2 protein chains.
Amino acid sequence: MDITNAPVAFSALSQPTRLDVFRLLVKAGNDGMLSGELGQRLNVRQNTMSANLSILLQSGLIRNERMGRTIRYFADYDGIHGLLAFLMEDCCGGKPEFCEPLIDQITCTPKEHKEDNDTRYLS
Amino acid sequence: MDITNAPVAFSALSQPTRLDVFRLLVKAGNDGMLSGELGQRLNVRQNTMSANLSILLQSGLIRNERMGRTIRYFADYDGIHGLLAFLMEDCCGGKPEFCEPLIDQITCTPKEHKEDNDTRYLS
DNA sequence: TCCATATATCATGAATTATTGATATACTGA
DNA sequence: TCAGTATATCAATAATTCATGATATATGGA
């Protein structure tokens, strides 16, 4: 997986099923959800869900882990943080020292992991 | 102008020129920017810029004001706040009382205007 | 090794979106 | 009222995206 730009991520979120998937994963937190579970929950066919999950994966907003026969998907908070930081860059009147901690908070970035933050979107 | 859903807003941000416009307006803050100014700055033809601004307007992420012959565009913080709140709903493990103030902060929502917040995206 | 389950990939057609040249509208000042 | 500037709309083509049926791959258990 290799994300290079923000339009790809927003494009991923622009499709209703994918937005639903993303929000379910945000709510699911560390538990994540299985691919099949998402398909059942949202009443989406298997190959359609697979294609949509693939697009979300490429966007860097979610990640996955194979658990035996099944694959579990999670919201990727680093990716989310990077995207929102890019989107709202200088949002507080060009005072990043004021704005950045707030972006950390909205994306639930723990202070002790701040050095791992995704900066791919930042210019 | 009447925005009804989040996919429209993310779709608006999924196009590179529109994302650039949005970010310029976020940075510009209360000064906003003229349509022609945006076109020059991003090297985009007049009618293309007009079409893209129209799409951003429909998304509720920006607003405009005619000033004589020119039209000035601004980031719409209420719209932005509503979208991000919807996107990250329950992001902190289903504890909105912890999460919501952070969303207010990232979108620079002043406390005294909280009652005006856009809730169109919230379920 | 064979079967069943879970997920991914492929090819296709339908629908949507983006850009452009041309033209229309809105406003200002002379 | 006319000319000029700023912006919007229209029509058309090109490009992209979507969901789907069919099929392939990966894993686990008997």
Side-chain angles (χ1 to χ4, degrees), chain A residues 1-22 24-25 28 31-74 76, chain B residues 1-22 24-25 28 31-74 76:
Chain A
M1 178 175 44
D2 178 46
I3 311 169
T4 52
N5 56 36
V8 169
F10 288 118
S11 179
L13 294 174
S14 73
Q15 206 278 334
T17 298
R18 290 196 297 265
L19 183 55
D20 285 342
V21 166
F22 177 82
L24 283 175
L25 294 180
D31 296 338
M33 288 180 75
L34 300 180
S35 171
E37 200 175 356
L38 288 162
Q40 275 195 306
R41 175 74 165 270
L42 298 175
N43 202 28
V44 169
R45 289 169 199 243
Q46 186 270 319
N47 56 356
T48 299
M49 180 54 73
S50 175
N52 280 322
L53 285 170
S54 167
I55 289 169
L56 279 166
L57 276 178
Q58 288 179 335
S59 79
L61 295 172
I62 71 172
R63 58 187 175 79
N64 66 3
E65 261 177 48
R66 181 173 276 278
M67 325 269 285
R69 249 194 293 232
T70 67
I71 299 182
R72 191 168 287 272
Y73 286 82
F74 305 88
D76 184 327
Chain B
M1 175 175 45
D2 178 46
I3 311 169
T4 53
N5 56 37
V8 169
F10 289 118
S11 179
L13 294 175
S14 73
Q15 206 278 335
T17 297
R18 289 195 299 263
L19 183 55
D20 285 343
V21 166
F22 176 83
L24 282 176
L25 294 179
D31 296 338
M33 289 180 75
L34 301 180
S35 172
E37 200 175 357
L38 287 162
Q40 275 194 306
R41 175 75 167 269
L42 298 175
N43 202 28
V44 169
R45 289 169 197 244
Q46 187 271 319
N47 56 356
T48 299
M49 179 55 74
S50 175
N52 280 323
L53 286 170
S54 167
I55 289 169
L56 279 167
L57 275 178
Q58 288 179 334
S59 79
L61 295 172
I62 73 172
R63 60 189 173 76
N64 65 3
E65 260 177 50
R66 180 173 278 277
M67 325 269 286
R69 249 194 293 234
T70 66
I71 299 182
R72 191 168 288 272
Y73 286 83
F74 305 88
D76 183 328

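All of these numbers come straight from a predicted model, not from anything done at the bench. Chain letters run A, B, ... following the sequence lines, proteins first and then strands; every chain starts at 1.
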Check the distance between [N]'s [atom2] and [X]'s [atom1] and give it to me in whole angstrom.
X: B/N52; N: C/dT17; atom1: CG; atom2: P; result: 13 Å
X: B/Q58; N: D/dA8; atom1: CD; atom2: P; result: 12 Å
X: A/Y73; N: C/dA6; atom1: OH; atom2: C1'; result: 10 Å
X: A/E65; N: C/dT7; atom1: CD; atom2: C1'; result: 16 Å
X: B/N64; N: C/dA26; atom1: CG; atom2: P; result: 15 Å
X: B/Q15; N: D/dT17; atom1: CD; atom2: P; result: 11 Å
X: B/R45; N: C/dA18; atom1: CZ; atom2: P; result: 17 Å
X: A/I55; N: C/dA8; atom1: CD1; atom2: P; result: 12 Å

Point-to-point distance, once rounded to the nearest 0.5 Å, from [atom1] of [X] to [atom2] of [Y]:
X: A/S11; Y: A/R18; atom1: OG; atom2: CZ; result: 6.0 Å
X: B/N52; Y: B/T17; atom1: CG; atom2: OG1; result: 5.5 Å
X: B/L19; Y: B/L61; atom1: CG; atom2: CG; result: 10.5 Å
X: A/L42; Y: A/M49; atom1: CG; atom2: CE; result: 5.0 Å

Looking at every strand, decide which applies to [X] at a 4.0 Å heavy-atom threshold: base, sugar-phosphate, or nothing.
X: B/T48; answer: base
X: A/R72; answer: nothing
X: B/S50; answer: base

**Request:** Please assess A/N64 against A/L53 for the test side-chain contact (heavy atoms from CB on, under 4.5 Å), listing each intermediate value before the final yes or no.
**Result:** CA-CA 9 Å; A/N64 66 3; A/L53 285 170; over 6 Å; no
**Prompt:** Who are the side-chain contact (heavy atoms from CB on, under 4.5 Å) partners of B/R69, not counting sequence neighbours?
**Reply:** none
**Request:** Could you tell me whether the side chain of B/I62 reaches within less than 4.5 Å of the side chain of B/L57, counting heavy atoms only?
**Result:** yes
Below 3.5 Å is the cut-off: list the nitrogen or oxygen pairs between protein and nucleotides 22-27 of chain D, distance only.
| unit_1 | atom_1 | unit_2 | atom_2 | d |
| --- | --- | --- | --- | --- |
| D/dA22 | N6 | A/N47 | ND2 | 3.3 |

